[in-house]
Amino acid sequence: MGEAKARGPYAKTPARRAEIVRAARDSFAEKGYTKASLRDIAERAGITHAGLLHHFRNKDELLAEVLAKRDSEEWQQGLAQVDSLEELAPYLGELIRHHQKAPELMRLWIELAAAASRSDHPAHTYFVERYERGRTQFAQGFQDKAARGRLREGISPESAAVLFHAVLNGLQLQWVLDQELDIIGPVNDFLRLLLERDNN
């Protein structure tokens, strides 16, 4: 016999969680993390406050899920659209402009990343693994450039990957503080600094 279908509040749990995460993303982006309430998020998701707490214990856990979901979607999108470092700058420019349309989520991501530096933070492992994955992926791309003599002399692919993440994150923090600041140009400039031009 097949498994019995789930009933009541346990039915369609993955779909329900996805609805809650979408509602939370909208609430955080519109009201900010501090002013967004679990009751508002539950109402947007079409469930009760108690129903929401069945899926997420608190607002911190929900925020981490919202940002992890966005991160995962963008990672998959990047893998699909970017086949080489030449395609990276245009993709990043488009991604940064998209993030700038929701500055509150950008701010929340920065705050959560800093808080997760504590080893006892619920999102600590996620951020450690996220950055490790990113460094590995970019180091592989820079390794290809190094093999073709395109990576600036004296810089290892691993160091270039660490520097790239540091510059990108630092520029986003500066933009959150001053939203008139152009950060797309500096990202492109930094990539040009890392990558030697062909002389042929």
Side-chain angles (χ1 to χ4, degrees), residues 21-36 41 59-118 121-124 126-139 141-142 145 151-152 155 157-195:
V21 170
R22 281 193 295 270
R25 179 197 60 204
D26 293 343
S27 185
F28 292 154
E30 181 182 320
K31 298 187 173 187
Y33 179 71
T34 303
K35 293 183 179 179
I41 294 167
K59 197 161 65 166
D60 284 349
E61 188 176 285
L62 195 46
L63 172 61
E65 185 68 18
V66 166
L67 296 175
K69 174 69 172 172
R70 187 182 76 162
D71 201 33
S72 176
E73 290 173 350
E74 290 176 355
W75 183 259
Q76 293 303 320
Q77 180 183 343
L79 291 177
Q81 294 186 19
V82 180
D83 291 327
S84 67
L85 286 176
E86 283 77 14
E87 297 173 338
L88 181 60
Y91 173 73
L92 283 175
E94 179 182 329
L95 187 61
I96 290 170
R97 281 188 287 270
H98 177 69
H99 283 181
Q100 289 172 335
K101 293 177 182 177
E104 185 61 27
L105 288 181
M106 204 169 177
R107 183 178 299 109
L108 290 173
W109 193 95
I110 292 168
E111 291 173 355
L112 184 63
S117 64
R118 298 192 307 270
H121 192 280
H124 177 77
Y126 168 75
F127 274 95
V128 169
E129 292 176 351
R130 176 194 185 276
Y131 278 105
E132 182 178 352
R133 182 179 70 237
R135 287 192 300 268
T136 299
Q137 186 78 16
F138 280 101
F142 286 125
K145 291 296 182 187
L151 184 63
R152 190 161 295 280
I155 299 178
E158 293 74 21
S159 181
V162 172
L163 285 168
F164 178 77
H165 277 88
V167 168
L168 187 60
N169 291 339
L171 284 171
Q172 290 184 94
L173 172 58
Q174 289 186 60
W175 184 85
V176 166
L177 294 169
D178 177 7
Q179 296 182 13
E180 297 299 317
L181 183 67
D182 168 35
I183 61 173
I184 297 175
V187 167
N188 293 337
D189 290 342
F190 181 69
L191 284 171
R192 281 193 290 270
L193 287 173
L194 281 179
L195 303 176

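These numbers come from a predicted model, not from an experiment. In this chain, numbering begins with 1 at the start of the sequence shown.
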Next item on the list: Test I183 against every option in L171, L92, V167 by the side-chain contact (heavy atoms from CB on, under 4.5 Å) rule and name the one that passes.
Entry: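 Passing option: L171.
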What's the separation between atom [atom1] in [X] and atom [atom2] in [Y], rounded to the nearest 0.5 Å?
X	Y	atom1	atom2	answer
F190	L163	CZ	CG	4.5 Å
F138	R133	CZ	CZ	11.0 Å
I96	I184	CD1	CD1	5.5 Å

Applying salt bridge (Lys or Arg N to Asp or Glu O under 4.0 Å), can you list everything that pairs with [X], at least two apart in sequence or on another chain?
X	value
E158	none
E73	K69
R135	none
E111	none

Do you know which two heavy atoms are closest between [X] and [Y], and how far apart they sit?
X	Y	value
Y126	A68	OH-CA, 3.6 Å
I41	A23	O-CB, 3.6 Å
L105	V66	CD2-CG1, 4.5 Å
A36	S27	CB-OG, 3.3 Å
F164	L88	CZ-CD2, 4.0 Å

Check: Mind checking what makes ring-ring contact (aromatic ring centres under 6.0 Å, His included) contact with Y33, not counting sequence neighbours?
Finding: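 If we apply the ring-ring contact (aromatic ring centres under 6.0 Å, His included) test to Y33, skipping adjacent residues, the hits are F28.
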Next item on the list: Return the set of residues passing ring-ring contact (aromatic ring centres under 6.0 Å, His included) with W109 (not counting sequence neighbours), or none when no residue passes.
Entry: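 ring-ring contact (aromatic ring centres under 6.0 Å, His included) list for W109, sorted by chain: F127.
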Note to self: Please list all pairs meeting side chain to side chain donor-acceptor pair (under 3.5 Å) that have one or both residues in residues 91-105, counting only residues at least two apart or in different chains.
What the structure shows: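 Applying side chain to side chain donor-acceptor pair (under 3.5 Å) to every pair that reaches into residues 91-105, excluding sequence neighbours, yields E74-H99, E104-R107.
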Notebook entry, point to check: What pairs of residues pass the side chain to side chain donor-acceptor pair (under 3.5 Å) test when at least one of them lies in residues 159-174, not counting sequence neighbours?
Noted result: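 Checked against side chain to side chain donor-acceptor pair (under 3.5 Å) - neighbours excluded - the pairs reaching residues 159-174 are Y131-N169.
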Next item on the list: Check side chain to side chain contact (heavy atoms under 4.5 Å, CB included) between H121 and all other residues, then give those that pass, not counting sequence neighbours.
Entry: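 Counting only residues at least two positions away or on another chain, H121 forms a side chain to side chain contact (heavy atoms under 4.5 Å, CB included) with L112, A115, A116, R118, A123, H124.
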Next item on the list: Only pairs at least two apart or in different chains count here, so list each salt bridge (charged side-chain N to carboxylate O under 4.0 Å, His left out) that has a residue in residues 23-33.
Entry: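 Every salt bridge (charged side-chain N to carboxylate O under 4.0 Å, His left out) pair that includes a residue of residues 23-33, provided the two are not neighbours, is E30-R44, K31-D40.
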Note to self: Quick test of your reading: applying salt bridge (charged side-chain N to carboxylate O under 4.0 Å, His left out), list the pairs with at least one residue in residues 178-189, sequence neighbours left out, ordered by first then second residue.
What the structure shows: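 Qualifying pairs, neighbours excluded: D189-R192.
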